[in-house]
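Structure first, then comments.
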Amino acid sequence: MSRLCFSERAKLCTNPTAKQLLHIMENKKSNLCVAADVLYQEELLHLAEVTGPSICVLKTHIDILKDFSPDLLTKLQKIADKHQFILFEDRKFADIGQTVKSQYHDGIYQISSWAHLINAHILPGSGIIQGLQEVGMSRGRGLLLVAEMSSAGNLLHGSYTQAAVGMAHEYSDFVIGFISQRKLTENPKFLHLTPGVHIHNSGDPLGQQYNSPEQIIGKNGSDIIIVGRGIVQAKDPKAAAEIYREAGWAALEKSCRNPSLLQQ
Ligand code: 5IU
């Protein structure tokens, strides 16, 4: 498998978030995204602080917090600036363009004001991308299309996945890649982020299916591993994040003909 170094890929991107993310990955030698699925602000900030040096992306589900208050967002942004990582709100928008615009910009979470990256299902058709783009493009934000899922029995495959790839190419200034289980296109502009990664477990009782970093990065050709409970529920999340960062990066280096190209 051949891979371009991240700074070369960054040159191909017009989207500021894609460029920033690729530079962060190269500088920090990290292709790790932590899925910070926690219920309290303090836990979220602590997790961001301790895993910050090891990650390139912090993924949130801001609406699961029991004690959300807007000042959290300023604090989170400060930690992201300090440790240099991207904030990704895993909102999985899925409505018509007009509605997702408000869901993205308004309400109590005002996602467009702080999340560099969001994602969307393509079920509604390309109007969803146009709506999100109207809000996010001028702010330099990026969008990932959910092209595949990790859960057992999901319906995202075949022509559906291919349609996501087609839409990404059509809106490639705003769409910076995919949530998928593997590399879907050879176009180096696009990033592939993959959830369902665990070093010890093979799944959970609710249909989650796990693969190893080696499988996802080395064999499936994805770029970034998304790890939740493997880090969040570890005895020492900071140490666990470093273990996953090393495993993810090692798999990336191994999959390159010339690993030195990953960093220049
Ligand atoms: N997530 C998945 N699978 C998917 C998609 C998103 O697990 O196909 I799209 C999210 C859900 C959770 C995180 O926030 O990624 C994975 O967490 P665990 O590593 O704890 O399973």
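When a ligand or atom number is given, it counts from 1 through the structure's own listing order. Both backbone and side-chain heavy atoms feed into the values below; hydrogens, waters and symmetry mates do not.
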Q. With a cut-off of 6.0 Å (strictly less than), are more than 12 heavy atoms of other residues, nucleotides or ligands near CD of Glu42?
A. no

Q | Option set His198, Gln208, Gln209, criterion heavy-atom distance to atom 7 (O) of ligand 1, minimum | A | Gln208

Q. With the threshold set at 4.0 Å, does a side-chain nitrogen-carboxylate oxygen contact exist between Glu49 and Lys82?
A. yes

Q) Between Arg229 and Asp204, is there a side-chain N and carboxylate O pair less than 4.0 Å apart? A) yes

Q) What are the atoms of ligand 1, with element, lying closer than 4.0 Å to any heavy atom of Val146? A) 9 (I)

Q. Could you walk me through whether Lys183 and Asp223 pass the salt bridge (charged side-chain N to carboxylate O under 4.0 Å, His left out) check?
A. CA-CA 8 Å; Lys183 189 199 244 186; Asp223 296 302; over 6 Å; no

(Q) Considering non-hydrogen atoms of the protein only, which is the closest contact for atom 10 (C) of ligand 1, and what is the distance? (A) Lys59 NZ, 3.7 Å

Q.
Can you name the atoms of ligand 1, numbered from 1 with element, that are less than 4.0 Å from a heavy atom of Ile179?
A. 9 (I)

Q | N or O pair under 3.5 Å between Ser151 and ligand 1 | A | no

Q: State, to 0.1 Å, how close Arg245 and Asn31 come at their nearest heavy-atom pair, and which atoms those are.
A: O-OD1, 4.3 Å

Q: Indicate, as side chain, backbone, both or neither, the part of His61 found under 4.0 angstrom from ligand 1 when only non-hydrogen atoms are considered.
A: side chain

**Q.** Polar atom proximity, Lys92 to ligand 1 (N or O, under 3.5 Å)
**A.** no

Q: Tell me which part of Arg229 gets within contact of ligand 1: side chain, backbone, both or neither, using heavy atoms under 4.0 Å.
A: both

Q: Decide, yes or no, whether a salt bridge links Lys29 with Glu26 under the criterion of side-chain N to carboxylate O below 4.0 Å.
A: no

(Q) For Phe190 and His169, I'd like to know if the aromatic rings sit close, meaning centre-to-centre distance below 6.0 Å. (A) yes

Q.
Checking the N or O distance criterion of under 3.5 Å, is ligand 1 in contact with Glu148?
A. no

Q | Parallel, tilted or perpendicular, as decided by the 30° and 60° cut-offs, for the rings of His198 and His200 | A | perpendicular

Q: Can you sort out which atoms of ligand 1 are near Asp37, meaning under 4.0 Å from one of its heavy atoms?
A: 12 (C), 14 (O)

Q) Side chain, backbone, both or neither: which part of Pro195 comes within less than 4.0 Å of ligand 1 when only heavy atoms are counted? A) side chain

Q) Looking at Tyr210, which atoms of ligand 1 are within less than 4.0 Å of one of its heavy atoms? A) 18 (P), 19 (O), 20 (O), 21 (O)

Q) Is it true that Lys101 and Asp95 make a salt bridge, defined as a side-chain N closer than 4.0 Å to a carboxylate O? A) no

Q. What is the closest protein heavy atom to atom 3 (N) of ligand 1, and at what distance does it sit?
A. Ser150 OG, 2.7 Å

(Q) Under 3.5 Å between any N/O of Gly228 and any N/O of ligand 1: does that happen in this structure? (A) yes

